[in-house]
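Written out below as structure tokens is the structure these notes cover.
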Protein chains: 2
Amino acid sequence: MTAEPTEPPSQTVYRLLRRAIIEQALRPGARLPEDAIGEQFGVSRTVVRQALGRLEAEGLVETRRNRGAFVAEPTLEEANQIFEMRHVLEREVIERLVKRISVIGLDSLEAHVVQEERVRGKNGPVSIRLAGEFHTLLAELSGNTVLARYVAELVSRCSLILAMYSRKHSSDCAVDEHRQIIQALRDRDPAKARRIMDEHLGAVAGRAELAEEKEDDLEAVLARYGREMTA
Amino acid sequence: MTAEPTEPPSQTVYRLLRRAIIEQALRPGARLPEDAIGEQFGVSRTVVRQALGRLEAEGLVETRRNRGAFVAEPTLEEANQIFEMRHVLEREVIERLVKRISVIGLDSLEAHVVQEERVRGKNGPVSIRLAGEFHTLLAELSGNTVLARYVAELVSRCSLILAMYSRKHSSDCAVDEHRQIIQALRDRDPAKARRIMDEHLGAVAGRAELAEEKEDDLEAVLARYGREMTA
DNA sequence: TCAAAAATTATTGTATACGATTTTATCATG
DNA sequence: CATGATAAAATCGTATACAATAATTTTTGA
């Protein structure tokens with residue numbers, strides 16, 4: 001039996017915090033004190049710090065000197081730039097996939113959409129995450145890992161933006177649009193694929209309105225997300 | 001007088017290591033032991049670790065579990081993907097600049113090329129860095145900070161690739177090509193600008209051949225780059 | 001002499017300790 | 001009562017200590 005190399009704790013913390021942010025359990029502006037997080041996850045500040053550092057590099061977290069880390073609050077200008085770049089990169093993804101996506105690739109997209117359908121309307125946070133992961137999966141199928149990494153980063157930052165500037169994350173329509181994208185790829189129709197992706201991203205970006213603030217209960221959130229760690 | 005907030009030590013270490021890698025004073029595969037670096041810079045392993053973490057996130061450094069950090073050694077496949085993405089993004093940069101670059105922007109590009117000319121042939125490492133920074137400057141002038149960040153990252157990773165796969169970093173020709181790019185932007189000629197950028201990047205990518213290994217003297221390099229820190 | 005096992009060394013991974021900085025609370029004073 | 005100074009608390013930034021792991025060397029037995 002191969003001795004599976006266990007994941008380093010900093011990565012676990014990183015992963016869980018990231019998911020909590022993307023699923024909007026931790027909302028923009030929320031404080032992220034090192035000792036509170038470390039205590040919940042049963043690790044020292046050292047490893048929490050590493051995780052926060054990575055999240056900061058990805059733009060999901062902002063840290064202020066001697067003040068600590070906070071879930072990032074992108075300005076409207078940043079939000080526009082992020083959407084712009086996402087658009088540029090996802091267009092590139094589609095262009096590549098229309099040319100050379102494999103049957104296996106199409107199947108994995110189908111499988112993902114089926115998953116999305118399954119949680120449709122049931123679980124808000126999870127459906128938010130799955131909707132984003134559809135785009136990440138597309139980018140991965142492009143075969144260029146750099147492109148995939150950038151898209152993943154931008155998609156996750158978009159979750160943050162929607163949390164700030166849209167009233168509700170109505171991802172119901174998204175599933176149908178995702179199906180349309182798959183169909184266009186299957187048809188090998190570049191114009192159609194590009195048009196649908198443009199519309200889809202436009203729809204996502206269009207949900208930008210102002211939303212009211214809502215306080216988080218950090219401990220409760222961490223307890224929920226930390227279960228995986230202590231178990 | 002405004003009390004200038006002094007740079008955190010981890011960022012200094014990050015900056016100096018980054019420059020050492022980009023200027024090829026630390027070559028791909030070189031070991032980066034935490035205590036040796038910390039001793040040279042007069043800081044603890046804690047801050048060295050932070051710097052190495054950031055460099056890893058950018059793809060300039062690879063760390064192997066319980067083995068330590070090394071200057072990254074991109075494979076040929078990774079190298080191709082990086083060049084591809086750089087091409088995609090820089091094309092986007094040019095497209096935007098042709099439309100809306102300001103006179104001030106053009107001036108700053110001119111000023112940079114003058115600098116490049118000044119060190120032409122004199123100092124290898126510095127001219128390598130300046131050649132890259134021309135592209136970073138272009139991306140910054142696009143006004144999209146995300147785009148600028150990605151281009152900066154890719155440009156620096158290209159230095160690494162050239163260090164591995166090209167015999168010599170003959171950046172002499174680059175200065176002229178940079179001038180041509182500026183001219184095309186001045187003329188607001190999209191087709192020409194794009195063609196020149198394509199040729200330029202093709203020329204850069206074309207220098208990919210196999211190079212012999214060469215051992216580094218870590219201490220000497222760090223002493224050189226660390227002067228700025230201890231002073 | 002060679003190979004395998006054991007011991008040694010070197011280096012990383014994590015926790016903890018302590019000083020520094022910022023924020024908050026307290027209190028005196030106009 | 002407002003306000004500014006001072007003290008207290010909370011939190012971060014960095015150094016250091018120790019445990020864990022991997023690499024290296026030495027030892028041992030055939």
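So you know, we letter chains A, B, ... as the sequences are listed, proteins then strands, and number each from 1.
Between A:E92 and A:Y150, the side chains place no donor N or O within less than 3.5 Å of an acceptor N or O (distance only, hydrogens not considered).
In this entry the distance linking CG of B:D35 with P of C:dT14 reads 17 Å, nearest Å. Here D:dT14 presents its P atom at 15 Å from CD of A:Q50, a figure rounded to the nearest Å. If you measure from atom CD of B:E56 to atom P of C:dT12, you get 13 Å, rounded to the nearest angstrom. With rounding to whole Å, A:E34 atom CD is found 16 Å from C:dT14 atom P. Between the P atom of C:dT12 and the CZ atom of B:R65 lies a distance of 14 Å, rounded to the nearest Å. Atom CZ in A:R45 sits roughly 12 Å away from atom C1' in C:dA20 (whole-Å rounding). Look at CZ on B:R67: it is 11 Å from P on C:dT11, rounded to the nearest Å. One atom, CD1 of B:I37, and another, P of C:dT11, lie 12 Å apart when rounded to the nearest Å.
Here the side chain of A:V47 is nearest to one of C:dT14, D:dT14, C:dT12, namely C:dT14.
For the pair A:N66 and B:N66, nearest-nucleotide mapping onto DNA chain C gives the more 5' position to B:N66.
OP1 and OP2 of D:dT14 both lie 4.0 Å or more from every side-chain N or O belonging to B:T46.
In this structure, CG on B:L154 lies 11.5 Å from OG on B:S159, to the nearest 0.5 angstrom.
Of the candidates A:V151, A:V93, A:I101, A:V155, A:V93 is the only one forming a side chain to side chain contact (heavy atoms under 4.5 Å, CB included) with A:L138.
Ring pair B:H178/B:H135: centre-to-centre distance below 6.0 Å.
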